**Q** 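The structure under discussion is supplied below as structure tokens; questions concerning it will follow.
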Amino acid sequence: MESHTGHLVAGLSSRGHDVTLFAKEGSNPSCAFEPVLAQEFSVAGYPESHGRHRQHAALDGAMDLAIKSVRAGRFDAVLNNSLSPLPHLQLTSVPTLHVLHTPVLPRLAEIFGSAGWESEPAHRHITVSHANAIHWRSWLPEISVIHNGIALNSWMSDVAVEPGTAAWTGRITPEKGTHLAIAAARATSMKLRIAGPVQDHEYFRSLIEPELDADITYLGHLDQPCLRQVIAAAQVFISSPLWEEPFGLTTLEAIACGTPVAALPAGAMSEIISRRSGVVATHRNAHALANAIVLAREMDRQEVRDSAQAFGLDSMITAYERQLRSVLRVPQDAQGRLR
């Protein structure tokens, strides 16, 4: 979501819109910026109930600051790229485009499922895949879909492919299925390189760390240039979501690198992966994922890379511009202060 937000504000700013970002201290956007959260604050992946309450309180405090600033300013529209329930409650009458990045979260379900709730007339809602839209349509039948986009050129690499190697990147949590990726890699005699932040430390200690050896290696939480090298050098990329993955940016990044993808059939995988870019397994288990690896690793890498063109950043920014203007109800060629 941070990457998505960065691309959005940079893209809108480059097209002449006056954008202000409300975010954490230390952010370095290419637009006006108002910090609303301390730089040292860190989101815990799976806190216990009391910790979760403290975390929500801190994040709600930051969102409250942003909303007060919005109401005090002279903004044409708000683009809400957060998971917070507050903008849905406190931005009444303010033209707002809500981006719903996840399936229905409990705190949002409380709002949308409450008796007599109706969508604010000044608000529009979009989500990142048709698969994710299904979860929302009982409350938001008019929800639109804009697929995420990436800067395709940023994922091109001339690094040599290492036969017999696979890559897996992302948050290391149970729902991301890292343990199944390891099992499938072993079943196909592939060396697996894992990269990403450990969000569930107990999961990592119990199911991932004991599997690490000369063939299964954990590289840590890498920056984009290092990730690009790891992914581009792999013969195949493994995507193993065990939840209804709303989109899957890591999968798209691999395709942009020209690395074919073997994926479990969850969420938006079939929207991102075409017959030219990878293989979606027939079942959600390690055996089916291993079969997908065997098929995917022989695919033509240029065709894989070419298939990513459908998810370019420019197309995504254009789609967001169109949605923002529908919220504003202004002529398509009018300039605005989209904030």
Side-chain angles (χ1 to χ4, degrees), residues 1-43 55-102 107-108 111 119-128 144 146 148-151 154 224 249 313-339:
M1 285 176 59
E2 290 86 349
S3 173
H4 175 80
T5 301
H7 285 317
L8 267 179
V9 298
L12 291 169
S13 296
S14 71
R15 296 188 182 195
H17 301 291
D18 184 0
V19 182
T20 296
L21 175 68
F22 297 90
K24 186 177 178 180
E25 288 179 348
S27 301
N28 186 28
S30 53
C31 64
F33 171 55
E34 292 191 24
V36 293
L37 189 64
Q39 186 169 359
E40 60 270 19
F41 179 83
S42 179
V43 174
Q55 184 164 281
H56 282 160
L59 293 171
D60 287 349
M63 183 57 69
D64 189 59
L65 286 175
I67 289 172
K68 286 178 179 176
S69 186
V70 165
R71 287 199 169 278
R74 299 180 61 184
F75 302 128
D76 294 320
V78 172
L79 177 55
N80 172 33
N81 210 33
S82 77
L83 304 179
S84 173
L86 298 188
H88 301 272
L89 295 170
Q90 298 182 11
L91 287 176
T92 53
S93 76
V94 177
T96 303
L97 181 63
H98 298 283
V99 189
L100 301 169
H101 287 272
T102 67
R107 294 210 300 164
L108 290 177
I111 297 172
S119 179
E120 168 68 28
H123 292 191
R124 298 286 185 275
H125 302 84
I126 65 169
T127 190
V128 295
S144 300
I146 299 177
N148 288 330
I150 62 173
S154 297
Q224 181 176 314
L249 273 175
L313 195 57
D314 283 347
S315 296
M316 184 189 79
I317 300 300
T318 297
Y320 274 97
E321 275 190 312
R322 188 179 301 117
Q323 287 288 340
L324 282 164
R325 294 199 183 283
S326 76
V327 171
L328 291 170
R329 300 183 183 278
V330 297
Q332 290 295 307
D333 59 351
Q335 291 296 311
R337 290 163 54 86
L338 302 181
R339 303 197 180 199

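All residue numbers refer to positions in the sequence shown, counting from 1. Quantities reported herein were computed from a predicted structural model and do not represent experimental measurements.
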**Q** Does the pair Arg325/Asp76 count as a salt bridge with the N-to-O cut at 4.0 Å?
**A**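 Salt bridge: no.
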
**Q** Are any of the side-chain heavy atoms of His101 and Thr127 separated by less than 4.5 Å?
**A** no

**Q** Counting N and O atoms only, with roles assigned by atom type, does the side chain of Thr5 sit under 3.5 Å from a partner on the main chain of Met1, one being a donor and the other an acceptor?
**A**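 Yes, because the side chain of Thr5 sits within donor-acceptor range (under 3.5 Å) of the backbone of Met1.
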
**Q** Can you find a pair of side-chain heavy atoms, one from Pro35 and one from Lys24, that are under 4.5 Å apart?
**A** no

**Q** How many angstroms lie between CG in Leu21 and CD in Glu34, if you round to the nearest 0.5 Å?
**A** 9.5 Å

**Q** May I ask you to check whether Tyr320 and His7 place their ring centers less than 6.0 Å from one another?
**A** no

**Q** When you compare the side chain of Ile150 with that of Leu249, does any pair of heavy atoms fall below 4.5 Å?
**A**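 Yes; the side chains approach each other to less than 4.5 Å.
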
**Q** Pair His56, Arg107 - check side-chain contact (heavy atoms from CB on, under 4.5 Å), show working.
**A** CA-CA 10 Å; His56 282 160; Arg107 294 210 300 164; 3.9 Å; yes

**Q** Measuring from atom CG of Leu83 to atom CG of Leu108, what distance do you get when rounded to the nearest 0.5 angstrom?
**A**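 These two atoms lie 7.5 Å from each other.
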
**Q** Taking side chain as C-beta onward, heavy atoms only, is Phe33 less than 4.5 Å from Thr20?
**A**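 No. Closest side-chain heavy atoms not under 4.5 Å.
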
**Q** Can you confirm whether Met63 sits close enough to Pro87 that some side-chain heavy atom of one is under 4.5 Å from a side-chain heavy atom of the other?
**A** yes

**Q** The test is side-chain contact (heavy atoms from CB on, under 4.5 Å); show your working for His98 and His88 and say whether it passes.
**A** CA-CA 8 Å; His98 298 283; His88 301 272; 3.4 Å; yes

**Q** Of all the heavy-atom pairs spanning Cys31 and Ser13, show the shortest one and how long it is.
**A** CB-OG, 3.4 Å

**Q** Answer whether the closest heavy-atom distance between the side chains of Lys68 and Gln90 falls below 4.5 Å.
**A**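 Side-chain contact under 4.5 Å: no.
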
